[in-house]
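All remarks here apply to the structure that follows.
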Amino acid sequence: MCAAAVLVLVGCGQRQSQYSPDFATARDLPEGLSADGTTITVGDPHAPVTVRLYEDPRCPYCEEFETTGGGPQLQEAMLQRSVRTEYTLASFLDGRAGGTGSKKAVNALRAALEEGKFVESTSCCTTTSPTRAWTATPTPTCSNWPVA
């Protein structure tokens, strides 16, 4: 009877992510391209919750979400291993607003993923607001932009 009580207190049957320490910074988050070739996954693959985001880098509502909306809370939840995020990047504003800035920004973020710097680049992109400047000729202003 005492052994059964100890197993319950220890948390018999808990998920691996609950035993793992939190990620220290966003740079530590695992990131990768899913099998479909279009979805970028960020965070603990064993997290109990998946959040799917569909974003255009030029979208002002996406920028608002990432910087002052739910983005900071989402990042905190990813650091705590309780959520993983699946990003599907789009360029729908190019057709509506003109230019090719969304397409170029998506390509830059995809290149950053290949270098293991997607999270860093996404953060840089939204915190310095080059997304609105990415019209026909993007000129990102972030000095830490990890992809040439």
Side-chain angles (χ1 to χ4, degrees), residues 3-94 97 100-135 138-148:
V6 170
L7 288 176
V8 172
L9 291 174
V10 172
C12 182
Q14 288 184 340
R15 298 176 64 102
Q16 173 63 30
S17 62
Q18 292 174 331
Y19 288 118
S20 301
D22 292 350
F23 294 105
T25 69
R27 289 181 179 179
D28 299 328
L29 290 168
E31 54 188 44
L33 189 62
S34 66
D36 68 9
T38 60
T39 304
I40 298 169
T41 303
V42 178
D44 186 341
H46 303 291
V49 174
T50 299
V51 173
R52 293 187 179 158
L53 297 178
Y54 298 87
E55 294 187 341
D56 183 318
R58 290 175 61 193
C59 174
Y61 300 107
C62 298
E63 179 181 20
E64 182 180 339
F65 170 81
E66 290 287 349
T67 57
T68 61
Q73 292 83 5
L74 179 60
Q75 183 171 327
E76 186 61 34
M78 286 191 296
L79 292 173
Q80 295 171 357
R81 297 180 181 263
S82 58
V83 171
R84 76 176 163 270
T85 303
E86 294 179 350
Y87 291 88
T88 300
L89 302 175
S91 58
F92 59 84
L93 284 178
D94 285 351
T100 58
S102 295
K103 180 179 175 183
K104 290 177 181 180
V106 167
N107 287 337
L109 289 169
R110 214 24 219 281
L113 174 68
E114 291 177 13
E115 297 296 320
K117 297 187 178 194
F118 175 79
V119 173
E120 181 181 347
S121 299
T122 302
S123 174
C124 176
C125 188
T126 58
T127 58
T128 58
S129 227
T131 54
R132 295 223 181 90
W134 289 52
T135 55
T139 53
T141 58
C142 182
S143 62
N144 296 325
W145 190 254
V147 179

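Keep in mind it's a predicted model, so treat the numbers as computed, not measured.
Atom CZ of Arg58 sits about 10.0 Å away from atom CZ of Phe92, to the nearest 0.5 Å. Remark: Thr100 OG1 to Leu93 CG distance equals 13.0 Å, nearest 0.5 Å. Expressed to the nearest 0.5 Å, how far CG of Asp36 lies from OG1 of Thr41 amounts to 8.0 Å.
Nearest heavy atoms, Leu29 versus Gly43: CD2-CA, 4.2 Å. Closest approach of Ala90 to Ser102, counting heavy atoms only: O-CB, 4.3 Å. Residues Glu66 and Pro72 come closest through the heavy atom pair O-CD, 3.7 Å.
Looking only at side-chain heavy atoms (C-beta outward), Val83 and Thr50 stay at 4.5 Å or farther from each other. Side chains of Gln75 and Val119 form no contact here, defined as non-hydrogen atoms less than 4.5 Å apart. At a threshold of 4.5 Å between non-hydrogen side-chain atoms, the residues Leu89 and Phe118 count as touching. No side-chain heavy atom of Val49 sits less than 4.5 Å from a side-chain heavy atom of Ser82. No side-chain heavy atom of Asp44 sits less than 4.5 Å from a side-chain heavy atom of Arg84. You'll find the side chain of Leu109 stays beyond 4.5 Å of the side chain of Tyr87, heavy atoms only.
A donor and an acceptor atom, one from each side chain of Ser91 and Asp94, are nowhere located under 3.5 Å apart.
By the side-chain hydrogen bond (donor to acceptor under 3.5 Å, both in side chains) test, Glu76 pairs with Gln80, sequence neighbours left out.
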Open item on the list: Could you walk me through whether Leu74 and Leu53 satisfy the side-chain contact (heavy atoms from CB on, under 4.5 Å) test, starting with their C-alpha distance in whole Å, then the side-chain angles of each, then the deciding distance to 0.1 Å, before giving a yes or no?
Closed with: CA-CA 11 Å; Leu74 179 60; Leu53 297 178; 3.8 Å; yes
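Between the side chain of Arg52 and the backbone N or O of Glu86, no donor-acceptor pair lies under 3.5 Å. Of the possible donor and acceptor atoms, none in the side chain of Arg81 sits under 3.5 Å from a partner among the backbone N and O of Phe23. With Thr39 contributing its side chain and Ser34 its backbone, the two residues share no donor-acceptor pair below 3.5 Å. At distances below 3.5 Å, at least one donor-acceptor pair connects side-chain atoms of Glu31 with backbone N or O atoms of Lys117. Here the side chain of Thr88 pairs no donor or acceptor atom with the backbone of Tyr54 at under 3.5 angstrom.
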